[in-house]
Amino acid sequence: MTVMQWLAVPAIILGSLGAAVAQDAGSKSPAGPTILVPNPSSVAEPVSGGGPAPDVAGGPGYPRQPTIISSAFPDYGWLPLKYASNAAKMVTFDATSPPLAWTAPPTGTVSVALIMIDMETSSGGNPQDRLLWAVINLPPSTRLLAENTIRGRTAMLPAGAFQLSFLTNGYIGPLPGANIQAHHYLFELYTLDKLLEVPADVTLDQLKAAIKGHQTGQRGVLVVKCCVDSK
């Protein structure tokens with residue numbers, strides 16, 4: 001075999017390999033969208049996003065009564081103004097929600113609902129205005145809600161869960177009036193034996209009616225004050 005023939009052999013082989021690679025690449029499906037998964041090392045993430053639940057110590061009524069806490073404030077503490085952007089005047093529908101975590105629900109729980117209400121709305125006002133946040137149909141495996149859970153059916157919530165307030169489809173927080181005289185805000189955690197079949201614009205009365213008779217235990221409660229002496 002001549003020198004030119006020896007040189008031609010590698011070229012033929014490389015050419016064949018290149019064609020095979022190109023053919024293989026052409027047969028693959030195009031890459032889909034990149035899915036961003038929250039940092040698994042953070043405790044302020046939903047369980048569905050891969051983050052571990054923080055260790056929440058059970059209270060006197062546990063496991064019949066789940067214990068709910070926040071890393072941002074203690075029970076009966078002051079809500080930081082970071083989570084009360086509308087306390088002085090209505091400036092945004094996209095307020096920053098606080099991080100919340102809780103213990104495992106009682107046996108038989110199918111869904112979990114979180115409700116935040118103003119305990120001191122002005123007399124004569126619409127009682128539905130007390131509903132400042134609700135997150136409905138969380139699976140029982142969920143142990144926390146991240147800080148700043150964005151509005152709507154966000155990827156920060158497990159599939160099937162949704163949220164709203166009386167004004168929008170997410171957290172609204174304390175409203176004007178709390179900057180003049182401090183209000184108390186109640187977070188209620190309900191563990192339920194069913195998924196709630198309620199409309200996306202469910203009112204507080206409708207929500208409480210749907211919950212009635214379906215609790216698997218006592219509600220978990222967390223109270224926070226805002227906003228005269230908040231910082």
Side-chain angles (χ1 to χ4, degrees), residues 66 68 70 73 75-76 78-100 102 110-138 142 145 147-154 156-158 160-215 218-228 230:
I68 179 171
S70 177
F73 53 84
D75 192 20
Y76 278 92
W78 290 95
L79 182 72
L81 291 178
K82 175 181 182 179
Y83 309 113
S85 55
N86 296 310
K89 61 180 179 178
M90 191 67 210
V91 294
T92 178
F93 285 108
D94 199 15
T96 299
S97 64
L100 297 168
W102 52 89
V110 174
S111 74
V112 174
L114 173 82
I115 301 176
M116 177 189 180
I117 60 172
D118 185 343
M119 299 174 69
E120 291 148 337
T121 49
S122 58
S123 60
N126 186 342
Q128 303 307 321
D129 294 355
R130 301 172 64 208
L131 182 60
L132 303 179
W133 195 26
V135 188
I136 300 165
N137 287 341
L138 290 165
T142 305
L145 288 170
E147 178 182 86
N148 197 23
T149 300
I150 59 176
R151 286 170 26 184
R153 292 181 182 267
T154 166
M156 295 179 73
L157 294 178
F162 69 98
Q163 58 175 331
L164 75 156
S165 68
F166 83 100
L167 276 177
T168 182
N169 60 347
Y171 176 83
I172 199 73
L175 296 176
N179 62 315
I180 300 173
Q181 181 177 350
H183 287 204
H184 292 79
Y185 299 90
L186 175 65
F187 291 93
E188 300 177 293
L189 189 76
Y190 290 93
T191 60
L192 308 168
D193 62 8
K194 60 175 288 186
L195 292 170
L196 294 181
E197 297 177 3
V198 293
D201 59 350
V202 61
T203 66
L204 179 58
D205 286 346
Q206 290 172 336
L207 186 54
K208 289 295 185 76
I211 287 171
K212 188 175 181 179
H214 292 286
Q215 292 180 236
Q218 296 174 290
R219 62 176 181 159
V221 295
L222 174 65
V223 177
V224 65
K225 298 175 286 185
C226 194
C227 296
V228 174
S230 295

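Along the sequence shown, the residues carry numbers beginning at 1.
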Could you tell me whether the side chain of [X] and the main chain of [Y] form a donor-acceptor pair under 3.5 Å?
{"X": "Gln218", "Y": "Pro66", "result": "no"}
{"X": "Tyr171", "Y": "Pro98", "result": "no"}
{"X": "Thr191", "Y": "Val112", "result": "no"}
{"X": "Asn86", "Y": "Val91", "result": "yes"}
{"X": "Thr203", "Y": "Gln128", "result": "no"}
{"X": "Ser97", "Y": "Glu147", "result": "no"}
{"X": "Glu120", "Y": "His184", "result": "yes"}
{"X": "Thr96", "Y": "Asn148", "result": "no"}
{"X": "Asp118", "Y": "Asp129", "result": "no"}

**Which atom of Ile172 lies closest to which atom of Ser165, heavy atoms considered** =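 That closest heavy-atom pairing would be CB-OG, 3.6 Å.
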**Request:** Would you name the heavy atoms of Val198 and Ala210 that are closest together and state the gap between them?
**Result:**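 Here Val198 and Ala210 meet closest at CG1-CB, 3.7 Å.
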Going from [atom1] on [X] to [atom2] on [Y], what distance comes out if it is rounded to the nearest 0.5 angstrom?
{"X": "Tyr190", "Y": "Lys212", "atom1": "OH", "atom2": "NZ", "value": "12.0 Å"}
{"X": "Leu132", "Y": "Thr168", "atom1": "CG", "atom2": "OG1", "value": "12.0 Å"}
{"X": "Leu131", "Y": "Leu164", "atom1": "CG", "atom2": "CG", "value": "5.5 Å"}
{"X": "Leu189", "Y": "Ile68", "atom1": "CG", "atom2": "CD1", "value": "5.0 Å"}
{"X": "Lys194", "Y": "Asn137", "atom1": "NZ", "atom2": "CG", "value": "9.5 Å"}
{"X": "Asn169", "Y": "Phe162", "atom1": "CG", "atom2": "CZ", "value": "11.0 Å"}

**Message:** Working note: Trp133 + Leu145, criterion side chain to side chain contact (heavy atoms under 4.5 Å, CB included); need CA distance, chi angles, decisive distance, verdict.
**Reply:** CA-CA 12 Å; Trp133 195 26; Leu145 288 170; 3.9 Å; yes
Just so I know, are the side chains of [X] and [Y] near enough to count as touching, which here means a heavy-atom distance under 4.5 Å?
{"X": "Leu186", "Y": "Arg219", "answer": "yes"}
{"X": "Gln163", "Y": "Met156", "answer": "no"}
{"X": "Asp75", "Y": "Val223", "answer": "yes"}
{"X": "Phe73", "Y": "Leu222", "answer": "yes"}
{"X": "Tyr83", "Y": "Cys227", "answer": "no"}

